[in-house]
Each structure stands twice: as C-alpha cells, then as structure tokens.
S.K.: 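Got a structure for you, questions after.
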Amino acid sequence: MAGVSAVRVRFAPSPTGFMHLGGLRTALYNALFAKRYGGKLVLRIEDTDQKRFVDGAATAMQDALAWCGVVFDEGPHKENSSYGPYIQSQRLPIYHAYTESLIEQDRAYRCFCTSERLDTLRRLAQRTNQMTAYDGACLRLSQADIDAKLAANIPHTLRLRVPKEGHTVVRDEVYGSVEFPNNVIDDQVLVKSNGFPTYHFANVVDDHLMEISHVLRGEEWLSSTAKHLHLYDALGWEPPKFAHLPLLINLEDRSKLSKRQQDLRLEELKHRGILPAALVNFVSFLGWKSPAGQTEIFHDLAEIATVFDLADVSKAPAVVDMRKLAFINKQHLGALIPTSTALEHVLDTFHAQVKQTYASQSDSAEGENPPAVDRLSRAYLSKVVLVSKDSFDTVGGIVACDYFWKAPTYDADDRAKKLRQKLEKQDKLRLLPALHKCLSRLLPHQFNAETIKQHITDASDTIGIRSTKDVMLLLRFCITGTSSGPPIFDVMSTLGSATTLERIQTCIDNKWE
C-alpha cells in the first residue's frame, strides 16, 4: 500500500461479552496493518453502552487477544499521557467539551422526544415499510420552547443535524467510493439522556484526539461512516482513512455470523484444542488472501504481516469453514517440535484439560508401585503430544485418547467389540504370550519405538508373525483398546514397559472388562 506513513490504528471493542471470531478478525487486521507499516496499535474500550456492560469482559478480551499474540502499544494497560485515558467512560468531560460548539454551529440540536414517541415512530415505519428514521420534530422547537424544557429538567438527547440535500461519499480502502443520499442519513443521537455519548460521537472524537490514521472495522459500519463524515466536517477535523472488512458468513446457510454462536468464541476454540497460531492463520484468511505463490500456512502473526496488504482484502463475504480451521490446526500441530515455544503454549492448555479429565485416574502408572511415570507431568504430556500430533486435528482429540492415562476398556464401543471379535476369530490372540515374552526382554531404558519394532521384527519367525500389520493391530487393541491412533510403537514407548506388559497380560488372561 503505497504512501502509508505515521500509522496509528485501534481496536475498540465494547465490553459486552466474549471475544468472538469477528472481533478477533478486526483486531488481527489492525495488528497486521500496524506491524506491516511500523505503526502503533491502540486498545480502546468503548463502554458507553452501560446497559449492556459485562463486568470482567474487557480483561477477558485482552487475555484472549494476548493468547493469539495480538500485543497493543497503547491502552488501559499501557497509558500514554498524550492520548489517554483509553476507557470511554473515563473521557466524559472530553466529549462534553465539544457538544456546545456543535449546537452553536447549528450542526446538532437537543431532542426532548420520549422513548414512547420514538417507539411509535419505529412501529409506524415498520408497518409502512419505510426506513426507520427520526422525523425531526424537535428541529421545529423555538428557542423559548427549548429554554423552558431545559429549565424544567426534561430529559433530552443531542442529535446530529444532517442536511437533507445532496449526498455523502465514503472513500473506502476496500469498497472504493460509496455514495449515500443525505436524505437517508438519520439525525443520529450523539449524547444520550444520561449524559453518555453514543458510539458514533465518542468514536469520532477519540479517533481524532488519538490521531488514528486508519480505521479498520467490519462492513456493518460502512453506512454509519457517512454520519461520521458529517461529524468530522462539523468539528472541522480531517477524517482518517477507512477500510471496512467483509461480512463473515456461515458455511451451511450463508447467514451472517452471530456473536451468540458459542462455538465460535475464542475461549471455546481454545478449550477444543485449537492452537493460537493456527487460529490466527485461519482468521487472517477470512477476507484476505495472500499474494500469488505464497503459502497458506503461516507460523505466526509477524510472518503474515510481511505480506499483508489491504489491496488483497476482498469485498465479498468471507465464509467461515471450520473444516479449514481443523486442517490448518493439524498442520500447526504436526509442525510442533521439542523445546519450542509453540509446544509450551500447547502444554499449558493440554495440561489443564488432562488434569480436569483424568486427575483422579492417573495417580500412577498401572503395575508400578511406587509409580515410575507421572502421567500428569509436563514431561510425560510433552511425549504424548509429540507422538500424537500427526494423528489429530486438535489437542482435544489427543485428550480423548484415554489410554494414555488409564487402562483401556476393551468393550468401550462397537468398533472395539468388533475388533476383539475379529482378532478372536482369526486366532490372533494366541500370539500374545510370545509377544509378551519378547518385549519383557527389553530393559526399561531400551523401551523405545525403534527398539520395540526391531525386537519384534527379529523375533517374527519365532513368534509366528506372518504380517507386521496384523501384529500392530493386535498390539494396538491390547495397549489402547482401539483400532486406530498414533503409531503404536510410539504409544508403547510413551506408556513405558511396565504398563505395556501389564496390558498385554490382561488380554492374555482375558480380563477384558
């Protein structure tokens, strides 16, 4: 994007709920833009809607974004005296300083209409299929009427006065020039009767005073930008550049993504085992595409920022396909390596889920007293993740492999029962005593995947093994109670010799349940 200089962008959420994919996309694109052009990323909390305020939501949002690697240069946590405070409810005197000048310039007016009258106007517009808009009744009040109402302390709001002739053009970095006839632009409320500014007024004042250079936000705010341009003009300010991001829609029915879809909240995705780098990778493509020849798998936000450009953001709605998220997450999971920072992040989530699920069942490894393996230790969990990472889309899939923490239940489901019946019918279980004897010759420090495989291969003639595939399926059933999963020799190595041999012995003794 040529000619970009002195970039200052902001993410300005309302603390009314949880961080959602749409909010993350907005925060991420602002972060990518700031990083690409060496600018500043500002966090501003827009809490003027006190009725919908949720205590703790702002902190939860910041934590969720930090988990994704979105780091702010300024905000409530990092005040800059030139631009703060960064919480709108702490900036009320700043907004009030501009209201009188708007009234004096005849660019705003007081509205004394009751909520009942406004509701009547809305219902009438709906019945007649008209656009919902204020009818300008209070514009016709004389100054004497206004003074009398003020003296009587009648509640009132402050409205923007929009000229009804001509049109307003929004020049957008994504959508180009978009024209709005002034007669369809509502006289927006700027200050509510409780003295709090609305989003529209506070947004414009804050963006100007915080010297925001570019406003990147969702497409749903494009029509409101016409109102904001009238405010900038009324206050004598140069507006920032605008870039509105395409709508996010569901794959199934192409409906607009809703904040009430709980499965798309960041906390839920985190709980399901989605990696932060994978989520950032996925969300970056919700409206943007990397230049030709570039990979679709990026390791982190910084790597995406090197190629991110608003010119590559589409106008078309972006389809949220969770299958693609699963694919990308699997690529990131498969790329994990020992001692990496990414693995440590995974273990933080993984440890909490495993502890919650298996703490009462994993006090020791079977057959070991005292236990030689702490099944809840980070060292053990690291081994589990590294041997399983290529077999699952999410960490949650690994957590579901209960055989890493407790003895398998061989009749847990129909597939396990059918496999057991198949092995019995083919008389494969007769190989178990010889396999047990073969594996028991290995010392604990020799019990690794390579040695296990080689030891069984070398003894295959003695044991009577015709097919390595058959013996692997037999071992998988005995060790895990399943028919598929991570490489079985790696699983055996992770569990250790004592647990492996005990589970084989269980099957030899027909202790199935």
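Starting from 1, each residue takes its place in the sequence as its number.
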S.K.: Near R171 CZ, under 6.0 Å, is it more than 12 heavy atoms from other residues, nucleotides or ligands?
M.R.: no
S.K.: What's the shortest heavy-atom distance between S493 and I452, and which atoms?
M.R.: N-CD1, 4.1 Å
S.K.: Starting at OG1 of T451, measure out to CD1 of I456 and round the result to the nearest 0.5 Å.
M.R.: 11.0 Å
S.K.: Salt bridge check: are D490 and K453 linked by an N-O gap of less than 4.0 Å?
M.R.: no
S.K.: Should the heavy atoms of other residues, nucleotides or ligands under 6.0 Å from CZ of F18 be counted, would the total exceed 12?
M.R.: no
S.K.: Closer than 3.5 angstrom, by distance alone: can the side chain of T59 be matched with the main-chain N or O of G56 as a donor-acceptor pair?
M.R.: no
S.K.: Could you tell me which non-hydrogen atom of Y175 sits nearest to which non-hydrogen atom of P246, and how far apart they are?
M.R.: OH-CA, 3.5 Å
S.K.: Counting distance only, does the side-chain N/O of D172 pair as donor-acceptor with the main-chain N or O of V174 below 3.5 Å?
M.R.: yes
S.K.: Can you list the steps and then say if T349 with K270 is a side chain to side chain contact (heavy atoms under 4.5 Å, CB included)?
M.R.: CA-CA 8 Å; T349 301; K270 180 179 179 181; 3.9 Å; yes
S.K.: Quick one: does S340's side chain have a donor or acceptor within less than 3.5 Å of a partner on L336's backbone?
M.R.: no
S.K.: Verify, without hydrogens or angle tests, whether Y358 (side chain) and L376 (backbone) share a donor-acceptor contact under 3.5 angstrom.
M.R.: no
S.K.: So, taking the atom named OG1 in T168 and the one named CD1 in I185, what distance separates them when rounded to the nearest 0.5 Å?
M.R.: 4.0 Å
S.K.: Given W405 and L381, is the side chain to side chain contact (heavy atoms under 4.5 Å, CB included) satisfied, shown in steps?
M.R.: CA-CA 10 Å; W405 296 278; L381 297 182; 3.7 Å; yes
S.K.: Distance-only, no hydrogens or angles: does the K330 side chain make a donor-acceptor pair with backbone N or O of D393 under 3.5 Å?
M.R.: no
S.K.: With the side chain counted from C-beta on, respond yes when I328 and K324 share a heavy-atom pair under 4.5 Å apart, and no when they do not.
M.R.: yes
S.K.: Given 3.5 Å as the limit, does a donor-acceptor pair link the side chain of D186 with the main chain of T132, or not?
M.R.: no
S.K.: Give a yes or no answer on whether the side chain of R8 reaches the backbone of V42 with a donor-acceptor pair at less than 3.5 Å.
M.R.: no
S.K.: Ignoring hydrogens, what is the shortest heavy-atom contact between I249 and P317? Give both atom names and the distance.
M.R.: CD1-CB, 3.9 Å
S.K.: Can a donor-acceptor pair be found, under 3.5 Å and without considering hydrogens, that links the side chain of N329 to the backbone of L275?
M.R.: yes
S.K.: May I have the step-by-step check of side chain to side chain contact (heavy atoms under 4.5 Å, CB included) for Y380 and T494, ending in yes or no?
M.R.: CA-CA 8 Å; Y380 178 75; T494 302; 3.8 Å; yes
S.K.: Working to the nearest 0.5 Å, report the span between OG1 of T16 and NZ of K51.
M.R.: 14.5 Å
S.K.: Could I get the full list of side chain to side chain donor-acceptor pair (under 3.5 Å) partners for E303, not counting sequence neighbours?
M.R.: H299
S.K.: Using the six-membered ring wherever Trp is involved, compare the ring planes of H200 and H228 and label them parallel, tilted or perpendicular (cut-offs 30° and 60°).
M.R.: tilted
S.K.: List the atom of C68, the atom of P276, and the distance in Å for their closest heavy-atom pair.
M.R.: CA-CB, 4.1 Å
S.K.: Can you name the closest pair of heavy atoms from P408 and G481 and give their distance?
M.R.: CB-N, 3.8 Å
S.K.: Roughly how far, to the nearest 0.5 Å, is the CG atom of D402 from the OG1 atom of T357?
M.R.: 10.0 Å
S.K.: Ion pair present between E219 and K315, side-chain N to carboxylate O less than 4.0 angstrom?
M.R.: no
S.K.: Under a 4.5 Å cut-off applied to non-hydrogen side-chain atoms, are H244 and V178 in contact?
M.R.: no
S.K.: When you measure from the side chain of S14 to the backbone N and O of E46, does any donor-acceptor pair fall under 3.5 Å?
M.R.: yes
S.K.: Rounded to the nearest 0.5 Å, what's the gap from CG on L229 to OG on S224? Could you check?
M.R.: 11.0 Å
S.K.: Considering only heavy atoms from C-beta outward, does the side chain of P338 approach that of L386 to under 4.5 Å?
M.R.: yes
S.K.: Going by atom types only, do R375 and T499 share a side-chain donor-acceptor pair under 3.5 Å?
M.R.: yes
S.K.: Could you tell me whether the side chain of C478 reaches within less than 4.5 Å of the side chain of L432, counting heavy atoms only?
M.R.: yes
S.K.: For E502, does its backbone N or O pair with a side-chain atom of T506 as donor and acceptor, under 3.5 Å?
M.R.: yes
S.K.: Would you indicate whether K40, at its atom NZ, is surrounded by more than 12 heavy atoms from other residues, nucleotides or ligands within a distance under 6.0 Å?
M.R.: no
S.K.: Is there a side chain to side chain contact (heavy atoms under 4.5 Å, CB included) between S290 and F298 once you walk through the steps?
M.R.: CA-CA 10 Å; S290 58; F298 292 93; 4.1 Å; yes
S.K.: Between L310 and F308, is there a side-chain heavy-atom distance shorter than 4.5 Å?
M.R.: yes
S.K.: State, with a plain yes or no, whether a side-chain heavy atom of T48 is found less than 4.5 Å away from one of T198.
M.R.: no
S.K.: Quick test of your reading: applying salt bridge (charged side-chain N to carboxylate O under 4.0 Å, His left out), list the pairs with at least one residue in residues 200-209, sequence neighbours left out, ordered by first then second residue.
M.R.: R10-D207, R44-D206, R44-D207, R91-D206
S.K.: Let me confirm one number: the CG-CE distance from L439 to M492, rounded to the nearest 0.5 Å.
M.R.: 4.5 Å
S.K.: R217 and side chain to side chain donor-acceptor pair (under 3.5 Å): which single residue from N30, T26, T225 fits?
M.R.: T225
S.K.: Taking all atoms of both residues into account, what is the closest heavy-atom pair of L473 and S483, and its distance?
M.R.: CD1-O, 4.0 Å
S.K.: So, is the end of the R25 side chain (NZ or CZ) under 6.0 Å from the ring centre of Y29 and within 45° of the ring's axis?
M.R.: yes
S.K.: Do the non-hydrogen side-chain atoms of L333 and T394 ever get within less than 4.5 Å of each other?
M.R.: no
S.K.: Can you check whether V491 reaches I488 side chain to side chain, under 4.5 Å on heavy atoms?
M.R.: yes
S.K.: Does atom CD of E220 have more than 12 heavy-atom neighbours from other groups under 6.0 Å away?
M.R.: yes
